[in-house]
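FYI, the numbering just counts along the sequence from 1. Indexing begins at 1, ligand by ligand and atom by atom, following the structure's order.
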Amino acid sequence: MDVWTHDRWRFPLPERHRFPLEKYALLRERVVADGTARPEEVHEPEPAPWEWLAAVHDAGLLQRIRTGGLSLREQRSLGLPWSAALVERARRAIGGSVAAARHAVRHGLGMNLGGGTHHAGRDFARGYCLFNDVAVALDRLRAEGLAGRALVVDCDVHQGDGTAHLLGQDPRTFTVSLHGARNYPFQRIPSDLDVDLASGTGDERYLEALDEALDFALPRARAGVAFYLAGADPWEGDRLGRLALTKAGLRARDELVLDRLGATGAAVCVVLAGGYADDVCDTVDINAATAAAVAQRLLLP
Ligand SMILES: [Zn+2]
């Protein structure tokens, strides 16, 4: 299947930083090795034009990001050192989610091997997220007449505060976030539905909670397009997680979300969001399994 990646655009990081910069190239290799995507089906997005970003983000914030003018406080809450290369990469990540979302509208499913930058809000960039890819992609689809009502299913282990800030008040978008109750961000901006899970929650309880959340969300959303943030960080071995899902449990999660969204007829755009395993190969395993689940459903009649 067609996928998008910005893996070749790297940026300077201090040694032993937790951001998994190496993951993206390994994931490209893995999805090709698995037969999920042929080499020529792995596309490299153009950087999102600043006008796309300006349609959802605050002009002052964008100006500071563009020029390296973020305050010390903003840089600390972003958690990544500013560089021109960081900004270029982030714009390409947004380009990938926009391309994957357009592909989803055309073919039913689309996937960016990146994105899910859900901590970026209208006027803040934090938690490794410069711009909010889902909000920008949805705005583009609407501008192009390709989307109306929308649903965001955020299964990253951290609550989707930036997405809630941008889309929580939008009457045409329903936002759901399932996350660890005692985890970042500690000051929440409410989604339409937030599901707080106790530390140590395992597969069975998680899947029940997810199914219930979808029972609640799907009839309210009546969405033509859905975004699924398939975070790898609810995994039991994740350094920033606190939940205890197995890899099989995460695979079941992906299948549940894809099948329930697919059954509504919504176009589904899948993005990665977080994943911070000690060994990056574990995160790659989880992300590659998500990609395989998407590809499998694209092949079904
Ligand atoms: Zn996360």
[X]: which N/O/S atom is nearest the Zn ion (ligand 1)?
{"X": "D156", "value": "OD1"}
{"X": "H158", "value": "ND1"}
{"X": "D233", "value": "OD2"}

Okay, side chain of [X], backbone of [Y]: is any donor-acceptor separation there less than 3.5 Å?
{"X": "R92", "Y": "E88", "value": "no"}
{"X": "T264", "Y": "L261", "value": "yes"}
{"X": "D133", "Y": "G116", "value": "yes"}

>> Check the orientation of Y24 and H6. Use parallel for under 30°, tilted for 30 to 60°, and perpendicular for over 60°.
In response: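 Ring orientation of Y24 relative to H6: tilted.
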>> Is H118 close enough to the Zn ion (ligand 1) that one of its N, O or S atoms comes in under 2.8 Å?
In response: no
